[in-house]
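Here the structure is laid out as structure tokens; the discussion comes afterwards.
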Amino acid sequence: MATVLRATLIAAPMIVGTVVTFALIITSLNLIRRLFSNASLPGNLPWVGEGKCSTRLGRAKGNLTGFFNLRQLLDEGYLKYSKNGQTYVLPYFINGPQVILPPSQIPWLMEQADDVLSQEHVNRQFLQADHTFFHANMVEGAVHPEIIQHQLTKKINGFADDIVDEVRACLEDYWGTDTEEWREVKAYDTLLLLITRMSIRVFMGLPLCRDEKFLSVCSNFIRKVALAAAAISLFPDFLKPIVGPVFTIFDYILYRRCSGFIMPIIHERLNRLRKSGADKLPLEDPIAHNDYVQWAIDHALDRPIVNPVELEPRLIAARFAVLAFAAIQSSVITLTNAIFDLAASPDCSASLATMREEVLRETQGPAAATDGQSAWSKPVLARMPHVDSALRESLRLNGFIERGIMKMVVAPAGVTLPDGSHIPRGTKVGVSGYSIHHDEANYADALRYDAFRFARGAEGGKKRPQGLINSSEKFMGFSHGSHACPGRFFAANQLKIALGHIALFYDIEPIPERPANKWLFGHIAPPLTETLRVRRRKM
Ligand code: HEM
């Protein structure tokens with residue numbers, strides 16, 4: 001026995017080395033195959049970026065350009081094909097090429113049933129959810145959109161004062177209270193703390209939203225998912241279950257730490273439920289809670305047939321971690337971009353002043369009488385078109401994903417596009433939001449940040465301004481159609497309260513040049529390390 005053990009120990013490094021080498025060879029070969037592959041797409045569809053040679057070599061060239069300079073390919077494809085009503089293929093060898101339809105075919109795209117074209121599958125692949133989310137049911141029975149729509153969005157108004165309290169405390173903590181000296185702050189880092197605290201205040205309340213260890217695991221977990229997903233995408237499918245745990249090990253540790261905080265709460269709630277024998281904690285119960293754990297339990301119990309898996313503590317904890325990812329990361333990127341856009345615009349000070357006046361007028365002026373509602377309630381926020389527009393304009397110009405609507409063909413027989421081309425199951429097809437958002441035909445002076453572009457006409461009630469949450473064929477910052485971001489009402493609420501407070505309490509020192517966003521693996525990252533100088537205003 002001892003001899004066998006010794007022999008195994010001696011051989012172990014060699015076995016591991018051989019397996020790793022084998023995996024690396026397979027992966028490299030697979031990546032080379034992807035570089036040259038036409039992904040079974042019909043020959044009549046042009047591939048952008050392949051130059052004059054429409055052969056395997058041309059595709060490899062396009063794929064490499066797509067990896068290093070996706071924006072160049074999007075601009076080329078839009079000008080050459082989309083503007084002429086033609087479909088083209090955008091090479092992307094990390095997780096498969098995308099068939100890009102011209103904007104005129106958006107209605108066709110929206111009409112397709114979910115069992116023909118699925119947006120959920122694109123998200124799932126983009127985030128490699130089968131490997132990065134830690135429970136099988138997270139992927140199959142995605143209940144997030146339902147809990148967000150039925151619980152979070154409906155209840156958000158009731159949280160206005162809590163959110164305001166949290167924003168004020170955060171800004172004092174991270175941007176300071178000194179009204180004399182400018183303070184240099186890392187924009188992304190401080191806004192990440194701000195958005196994390198605001199979101200956790202709503203999802204889990206006090207005192208958890210002020211617990212530094214809990215905040216740290218939530219914000220770190222959300223940062224690493226996207227990177228782990230990109231790394232896993234490089235491997236062939238059959239190796240993903242093996243390499244997945246390696247790339248997600250740090251996330252897993254963070255998830256375990258996160259669940260260490262909320263698991264006792266979940267158990268306590270489920271125990272009370274079992275003891276009461278009721279199928280739901282009564283709302284008049286003085287200690288009935290209004291937080292994510294309760295929403296998840298209520299949602300599970302609200303179904304005609306209760307699925308016991310939905311009440312599994314591990315599933316509820318994993319869903320919480322993923323909701324935190326969806327909610328916090330998107331919002332902090334959007335707010336960071338908006339702050340840099342404002343700071344770099346020649347009208348920075350004037351724009352902040354306009355928003356400040358709007359905030360003061362609506363929250364404290366004669367129009368602010370709100371029948372006992374919060375001074376920052378939904379109806380009040382709806383009367384802040386300039387704050388709203390500053391955010392929407394930034395999302396238009398500097399949204400964090402280049403796709404507008406992207407769906408995956410899930411019909412086993414594939415699908416026939418409006419131009420007659422037939423594309424197979426597994427292909428991604430959609431439109432490029434990035435190109436549509438930067439088209440001069442849609443937006444005058446499209447490459448300029450014009451903070452109040454969407455508020456024009458609001459004055460004097462001439463025309464209804466276009467609000468942050470309104471998607472259209474020309475604005476897809478939250479995607480468009482039935483699968484547009486379900487969290488956008490919550491996000492808009494948070495972001496408007498945050499930006500409104502920044503305008504109210506702080507001056508931002510204008511900067512000569514906007515630091516560039518970085519394109520990486522289909523994400524467009526905001527400036528992550530750059531600083532800004534801010535100073536508390538004398539009130
Ligand atoms: C400014 C902030 C946000 C932006 C710009 C944003 C943007 C988006 C976009 C573009 C999509 C569609 C992705 C695709 O399939 O192509 C999406 C989906 C989604 N978002 Fe957001 N989002 C934001 C905030 C939030 C928040 C706060 C939550 C949660 C409370 C959330 C939850 C989700 C979920 C669950 C989906 C998947 C929906 C589905 O598959 O049907 N998002 N978001």
Side-chain angles (χ1 to χ4, degrees), residues 95 98 109-110 114 117-127 129 133 138-156 159 163 191-192 195-196 198-203 218 222 225-226 292 295-296 319-339 388 390-408 428-434 436-437 467-471 475-499 522-524 526:
N95 53 24
Q98 301 172 359
L109 193 59
M110 312 269 286
D114 284 353
L117 294 183
S118 156
Q119 190 163 324
E120 189 198 318
H121 276 71
V122 174
N123 255 330
R124 185 168 154 176
Q125 186 198 52
F126 184 63
L127 295 171
F133 295 172
M138 299 292 301
V139 179
E140 284 315 323
V143 301
H144 288 104
E146 290 170 30
I147 296 186
I148 293 167
Q149 277 153 9
H150 298 304
Q151 307 274 357
L152 180 62
T153 306
K154 284 196 183 140
K155 291 176 176 152
I156 188 66
F159 285 105
I163 298 172
L191 295 175
L192 176 64
I195 293 288
T196 308
M198 287 170 82
S199 306
I200 302 295
R201 176 80 183 246
V202 175
F203 297 159
C218 287
I222 57 179
V225 167
Y292 179 77
W295 305 334
R319 284 221 168 101
F320 169 79
V322 172
L323 177 79
F325 165 74
I328 299 170
Q329 193 62 3
S330 320
S331 293
V332 69
I333 293 174
T334 303
L335 189 57
T336 307
N337 277 326
I339 297 291
D388 191 290
L391 292 161
R392 182 173 165 102
E393 170 70 347
S394 176
L395 197 51
R396 171 192 77 80
L397 190 64
N398 285 311
F400 62 86
I401 44 179
E402 87 291 350
R403 58 184 194 259
I405 311 170
M406 191 58 62
K407 303 188 178 205
M408 189 178 283
K428 280 171 291 197
V429 54
V431 290
S432 157
Y434 169 84
I436 291 170
H437 285 182
L468 178 57
I469 51 154
N470 300 122
S471 69
F475 181 80
M476 303 175 186
F478 291 103
S479 190
H480 181 43
S482 58
H483 287 279
C485 173
R488 65 192 188 283
F489 305 93
F490 173 73
N493 201 77
Q494 304 268 77
L495 293 172
K496 284 169 78 171
I497 294 181
L499 184 58
H523 305 259
I524 308 171

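The first residue in the sequence is number 1, and the count goes up from there. Ligands are counted one by one from 1 in listed order, and the atoms in each one are counted from 1 as well.
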Nearest neighbour of atom 19 (C) of ligand 1 from the list Pro486, Ser330, Ala324, Gly487, on a heavy-atom basis: Pro486

Nearest neighbour of atom 10 (C) of ligand 1 from the list Gly477, Ser471, Cys485, on a heavy-atom basis: Gly477

If the cut-off is 4.0 Å to any non-hydrogen atom of [X], which atoms of ligand 1 fall inside it?
X      : value
Leu495 : 1 (C)
Ala491 : 2 (C), 24 (C), 27 (C)
Arg403 : 13 (C), 14 (C), 16 (O)
Phe490 : 27 (C), 30 (C)
His483 : 41 (O)
Ser479 : 10 (C), 12 (C)
Ile148 : 29 (C), 30 (C), 32 (C), 35 (C)
Ser331 : 2 (C)

Ring centers of Phe203, Phe490 separated by less than 6.0 Å: yes

Any Val122 heavy atom less than 4.0 Å to ligand 1: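 The answer is no: ligand 1 sits nowhere under 4.0 Å from a heavy atom of Val122.
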
Taking the side chain as every heavy atom from C-beta outward, state whether [X] and [Y] have any pair of such atoms under 4.5 Å apart.
X      : Y      : result
Asp114 : His483 : yes
Ile148 : Thr153 : yes
Arg201 : Phe159 : no
Tyr292 : Leu152 : no
Ile333 : Gln329 : yes
Thr336 : Leu192 : no

Under the ring pair (Phe, Tyr, Trp, His ring centres under 6.0 Å) test, residues paired with His437 that sit two or more places apart: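 Phe475.
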
With heavy atoms under 4.0 Å as the rule, classify the contact between [X] and ligand 1 as side chain, backbone, both or neither.
X      : value
Ile405 : neither
Met476 : neither
Ile401 : side chain
Ile333 : neither
Phe478 : both

Steps toward side chain to side chain contact (heavy atoms under 4.5 Å, CB included) verdict (Met406, Ile401): CA-CA 11 Å; Met406 191 58 62; Ile401 44 179; over 6 Å; no

Lys428 vs Arg403, side chain to side chain contact (heavy atoms under 4.5 Å, CB included): CA-CA, chis, key distance, verdict: CA-CA 11 Å; Lys428 280 171 291 197; Arg403 58 184 194 259; over 6 Å; no

Heteroatom distance test (Asn123, ligand 1): nitrogen or oxygen, under 3.5 angstrom: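 N/O-N/O distance under 3.5 Å: yes.
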
Short N or O distance, Gln119 and ligand 1, threshold 3.5 Å exclusive: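 Looking only at distances, the answer is yes, because the N/O contact criterion of under 3.5 Å is met.
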
Candidate list Ile163, Leu335, Ile328, test side chain to side chain contact (heavy atoms under 4.5 Å, CB included), partner Gln494, passing option: Ile163

